[in-house]
Number of protein chains: 2
Amino acid sequence: MDKPVATTRIQKRNVSIISEAALEVFSTYGFRGATVDQIAREAGLSKPNLLYYFPSKEAIHSHLLTTLMDVWLAPLRDLDASGEPLEEVLAYVRRKLELSRQRPRESRLFANEIVQGAPHILELLSTELKDLVDEKAAVIAGWMDAGRLAKAHPYHLIFSIWSLTQHYADFDVQVRAVLGPKVKDPTREAGEYLEVLFTRMLKVD
Amino acid sequence: MDKPVATTRIQKRNVSIISEAALEVFSTYGFRGATVDQIAREAGLSKPNLLYYFPSKEAIHSHLLTTLMDVWLAPLRDLDASGEPLEEVLAYVRRKLELSRQRPRESRLFANEIVQGAPHILELLSTELKDLVDEKAAVIAGWMDAGRLAKAHPYHLIFSIWSLTQHYADFDVQVRAVLGPKVKDPTREAGEYLEVLFTRMLKVD
DNA sequence: GTCTATACTGCGATAGAC
DNA sequence: GTCTATCGCAGTATAGAC
């Protein structure tokens with residue numbers, strides 16, 4: 001809803017600048033906590049000028065959430081039914097953790113939205129997201145039935161991958177506060193830990 | 001900071017009613033998204049009357065966060081160095097998951113705060129929380145060194161317990177959207193899954 | 001101690017000049 | 001297509017009657 005006007009090159013460029021600024025602000029302060037003024041300042045535009053490209057604050061937010069959904073789900077889409085099971089799952093974990101490291105703002109944007117009850121994307125969750133998870137959970141269940149992966153609840157396996165990888169983006173301040181300033185790259189440690197965790201969990205003896 | 005006035009019974013009762021209402025509203029909308037009007041309505045008081053008990057919106061929020069911190073850390077405090085290692089960890093997971101089930105609003109209150117950079121409790125995280133985790137991570141490391149628990153990064157083990165258990169409170173709408181309406185109690189399924197996960201992760205052969 | 005009324009601020013959005 | 005100016009509203013907090 002409320003797509004931005006974007007036909008000329010200048011317009012496309014400004015829409016992209018605004019999106020970048022809005023991602024920065026929304027991911028830090030949440031929807032209500034963010035102000036259009038802040039986003040405009042971050043984007044280097046005046047407030048009315050910004051509202052020329054997007055009709056409202058809500059429109060910017062919606063635009064971000066929907067366009068980012070694809071990026072967010074790509075790692076799961078890439079889970080390949082014809083691959084080697086354990087390696088496929090571990091590769092998924094790696095891709096997801098890499099996404100948390102490289103795009104923590106996107107992760108926090110979603111986290112803010114979902115913690116508050118997903119008012120803007122509830123529909124997407126029970127359609128697009130559910131369909132994809134249904135499909136991939138079936139693949140994983142197939143591997144388990146074939147004895148190629150240790151048995152476990154496939155849906156909760158996927159939830160645990162989301163939870164553990166996104167934790168290092170969403171709760172970054174807490175992780176750093178607990179580990180102390182000496183640990184420069186918590187996500188690298190996390191990668192090693194998660195590799196061990198899911199191998200022990202899923203490897204067939 | 002800014003403790004509420006609470007000497008008489010009526011005052012104590014109202015402070016408690018306000019806290020309950022504020023928890024409901026802050027956990028749903030975050031700090032900025034919540035309004036004093038909403039909290040007052042939820043508490044059945046007029047706005048000025050509410051602001052007689054707490055000097056400001058921020059004071060209510062601080063009061064909630066600091067008083068709830070103890071409840072939140074209790075399960076980890078109860079991890080007993082003289083107990084049987086695997087059983088102690090599993091019991092911790094169970095207590096934490098039970099807390100997510102019974103007090104999802106508290107979990108979301110913290111999640112909102114930390115996702116947005118923990119502006120109000122950063123200090124607490126790097127002192128009280130860090131000290132407790134340091135202590136318990138040492139206990140776990142001791143168990144691993146003694147060969148009573150499979151080796152793994154103790155800090156990230158604790159992070160993974162937080163992450164996995166709180167996920168079912170903080171991301172409840174997403175979990176339910178994906179599982180569909182037929183699953184009435186995702187947390188019960190999660191309990192079984194997590195039992196398996198941490199047993200396979202930590203059991204010594 | 002609790003209410004009504006209100007001061008004051010900051011925000012989202014629009015009007016209209018250029 | 002971008003600006004200045006401003007409207008209208010919602011929000012926090014306070015003054016002062018009862």
Side-chain angles (χ1 to χ4, degrees), chain A residues 1-65 112-113 116 119-120, chain B residues 1-65 112-113 116 119-120:
Chain A
M1 55 127 137
D2 294 321
K3 274 183 205 165
V5 279
T7 44
T8 77
R9 262 164 309 178
I10 303 177
Q11 285 170 334
K12 281 184 183 165
R13 184 163 168 279
N14 276 340
V15 164
S16 136
I17 288 176
I18 294 170
S19 298
E20 161 65 25
L23 174 60
E24 182 69 29
V25 177
F26 281 134
S27 67
T28 310
Y29 300 101
F31 179 73
R32 296 279 310 257
T35 72
V36 177
D37 268 312
Q38 264 180 306
I39 300 172
R41 205 178 317 127
E42 184 85 22
L45 297 170
S46 70
K47 184 161 59 167
N49 194 7
L50 185 150
L51 288 169
Y52 165 77
Y53 290 102
F54 289 86
S56 69
K57 177 183 176 181
E58 182 135 14
I60 312 175
H61 191 245
S62 279
H63 175 70
L64 279 184
L65 281 177
N112 265 308
E113 171 70 9
Q116 302 193 7
H120 305 96
Chain B
M1 58 130 132
D2 296 319
K3 275 185 206 165
V5 279
T7 43
T8 76
R9 262 163 309 180
I10 303 176
Q11 285 170 332
K12 281 185 186 166
R13 183 162 166 281
N14 276 340
V15 164
S16 135
I17 287 175
I18 293 169
S19 298
E20 162 65 26
L23 175 60
E24 181 70 28
V25 177
F26 281 133
S27 66
T28 310
Y29 301 100
F31 179 73
R32 295 281 308 258
T35 71
V36 176
D37 266 314
Q38 267 178 305
I39 299 172
R41 206 179 316 128
E42 184 84 24
L45 295 171
S46 72
K47 185 160 58 168
N49 194 6
L50 184 150
L51 289 169
Y52 165 77
Y53 290 102
F54 289 87
S56 70
K57 177 183 176 180
E58 182 136 13
I60 311 175
H61 191 245
S62 278
H63 175 70
L64 279 183
L65 280 176
N112 265 309
E113 171 70 9
Q116 302 194 6
H120 306 95

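Values below: every heavy atom of this structure, side chains too, minus hydrogens, waters and symmetry copies. A, B, ... follow the sequence lines: proteins, then strands. Residue 1 opens every chain.
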Peer 1: What pairs meet the ring-ring contact (aromatic ring centres under 6.0 Å, His included) rule with one or both residues in residues 32-51 of chain A, with sequence neighbours excluded?
Peer 2: none
Peer 1: It should be established whether B/S46 places a side-chain nitrogen or oxygen under 4.0 Å from OP1 or OP2 of nucleotide C/dT2.
Peer 2: no
Peer 1: Show me the donor-acceptor pairs within less than 3.5 Å that the side chains of residues 38-45 of chain A make with the rest of the protein, sequence neighbours left out.
Peer 2:
{"unit_1": "A/Q38", "atom_1": "OE1", "unit_2": "A/T35", "atom_2": "N", "d": "3.2"}

Peer 1: What's the CZ-P distance between A/R13 and D/dG1, to the nearest Å?
Peer 2: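 In whole Å, D/dG1 P lies 14 Å from A/R13 CZ.
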Peer 1: Using only side-chain N and O atoms of B/N49, determine if any of them is under 4.0 Å from OP1 or OP2 of C/dT4.
Peer 2: no
Peer 1: Please check: side-chain N/O of B/S16 versus main-chain N/O of B/K12, any donor-acceptor pairing under 3.5 Å?
Peer 2: no
Peer 1: Out of curiosity, B/L23 CG to B/T28 OG1, how far, rounded to the nearest 0.5 Å?
Peer 2: 8.5 Å
Peer 1: Return no unless some side-chain N or O of A/Y52 is found under 4.0 Å from OP1 or OP2 of D/dG1.
Peer 2: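 So the side chain of A/Y52 is within the cut-off, an N or O lying under 4.0 Å from OP1 or OP2 of D/dG1.
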Peer 1: Hey, mind stepping through B/Y29 and B/N112 against side chain to side chain contact (heavy atoms under 4.5 Å, CB included) and telling me if it holds?
Peer 2: CA-CA 9 Å; B/Y29 301 100; B/N112 265 309; over 6 Å; no
Peer 1: Taking only residues two or more places apart in sequence, or in another chain, which ones meet A/F31 in a ring pair (Phe, Tyr, Trp, His ring centres under 6.0 Å)?
Peer 2: A/F26, A/H61, A/H120
Peer 1: Check every atom of D/dG1, C/dA13, D/dC3 against the side chain of A/P48 and return the nucleotide holding the closest atom.
Peer 2: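 Out of D/dG1, C/dA13, D/dC3, the nucleotide with an atom closest to A/P48's side chain is D/dC3.
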Peer 1: Should A/Y53 be listed as having a side-chain N or O under 4.0 Å from OP1 or OP2 of D/dG1?
Peer 2: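 For D/dG1, neither OP1 nor OP2 has a side-chain N or O of A/Y53 closer than 4.0 Å.
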Peer 1: Between the protein and nucleotides 6-10 of chain D, list every N/O to N/O distance that falls short of 3.5 Å.
Peer 2:
none

Peer 1: Rounded off to whole Å, could you give me the CG-to-C1' distance for the B/L51 and C/dT6 pair?
Peer 2: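 Computing the B/L51:CG to C/dT6:C1' distance gives 14 Å.
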Peer 1: Starting from P on C/dT9, measure out to NZ on B/K57 and report it in whole angstrom.
Peer 2: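 Taking NZ of B/K57 and P of C/dT9, I get 18 Å after rounding.
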Peer 1: Figure out the CG/C1' separation between A/L50 and D/dT4, and round it to whole Å.
Peer 2: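 From A/L50 CG to D/dT4 C1': 16 Å.
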Peer 1: So do the side chains of B/F54 and B/V15 get within less than 4.5 Å of each other, counting heavy atoms only?
Peer 2: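 Answer yes - side chains close enough.
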Peer 1: Go through residues 36-44 of chain B and report each residue with a non-hydrogen atom lying under 4.0 Å from DNA chain D, sorted by number.
Peer 2: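 Listed by number, they are B/V36, B/D37.
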Peer 1: I want to check something: taking the side chain as every heavy atom from C-beta on, are A/L64 and A/S19 in contact at a cut-off of under 4.5 Å?
Peer 2: yes
Peer 1: B/D37: what forms a side-chain hydrogen bond (donor to acceptor under 3.5 Å, both in side chains) with it, not counting sequence neighbours?
Peer 2: B/K47
Peer 1: Measure the distance from CD on A/E58 to C1' on C/dG12 and round it to the nearest whole Å.
Peer 2: 12 Å
Peer 1: Tell me the interatomic distance from B/L45, atom CG, to D/dA13, atom P, rounded to whole angstroms.
Peer 2: 16 Å
